[in-house]
Amino acid sequence: MRQHEAAAGHLQFGLHLVALRGVRFGYGGGWALGPVTAELPVGVTGLIGPNGSGKTTLMRILAGVMRPRGGELRFDGRALDSWSELNRYRRVVGYLPQDPRWAKGWLARDYVEYVASAYGVPRAERAAAGAAALDVTGATPYSGRKLGSLSGGQEQRVHLATAIVHSPRVLILDEPTVGLDPSERVRIRAFLRSQGQSRIVLVSTHLMDDVALGADRVLVMNEGALKWAGTVAEMAALGREAEGVSAAEDAYLKLVEE
Ligand code: ADP
């Protein structure tokens, strides 16, 4: 109970955040990322950048599935510098990687409950937690269907349910709108906005509309570096609307091409 009150206090006073301090990562041949210094507060932060700019690498580190090779990841003011700290942190993070194909043969409800167990949700609570998460993302009608039998948008609703089934404080979604039609994309933006009311949400995308219409803040990556961070309005103010290009797109092009 006391822990819960402390968490609410953090939210209230804006201390509840994830921070990166000089974080670097490499896969073997030089640095693929960093050093990156950034803070993620409660709300929706959009992560945008060209292919290969380090978005997925950054998200894996923020999800706690890979450890930085330099610098530190911090949560609620503490450095996560041991595996036990990182393991504890992972339980409060919902991470949806790109295209988790391995789940195609699972029934939606079994899959969501399985992910709940991986996140440490007690057995007695899994069915209710799974049903509630499927309800939030509008996937209840598919709970008895195999993921492989669903449309892209329907399947993505199930995947989004897995990311929130344990009521995480941090939600990290790697390109959740890829390949979806406009109505599903609009639906996902509404989902992100509602999640961002109380959670730290980081969402990567290729689409400026997803950022301009769905996020509060933006991180722009290029060649493994964080090029720019600010609000959506600040980003739009950097660019100029022209035929076929929105102000935010113009700003993005300037940032990654300069
Ligand atoms: P993005 O998500 O923006 O496309 P990534 O984080 O996937 O960027 O990639 C950043 C850099 O790291 C790229 O140069 C990419 O080739 C490299 N990289 C990503 N994943 C691996 C991996 N598993 N092994 C080796 N290099 C990788």
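Atoms within a ligand are numbered from 1 in the order they appear, just like the ligands themselves.
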I'd like to know if K104 pairs up with E155 as an ion pair, taking the criterion as any Lys NZ or Arg NE/NH1/NH2 lying under 4.0 Å from an Asp or Glu carboxylate oxygen.
yes
Taking salt bridge (Lys or Arg N to Asp or Glu O under 4.0 Å) as the test, write out the residues that go with D210, two or more places apart.
R189
With sequence neighbours excluded, residues passing salt bridge (Lys or Arg N to Asp or Glu O under 4.0 Å) with K254
D250
Please check if the distance between the ring centroids of Y114 and W106 is under 6.0 Å.
yes
Pairs touching residues 129-176 that satisfy ring pair (Phe, Tyr, Trp, His ring centres under 6.0 Å), sequence neighbours left out
Y111-H159, Y119-H166
Testing V201, L160, T137 for side-chain contact (heavy atoms from CB on, under 4.5 Å) with Q195, which one passes?
V201
Strictly under 4.0 angstrom, heavy-atom based: which residues surround ligand 1?
Y27, A32, P50, N51, G52, S53, G54, K55, T56, T57, R60
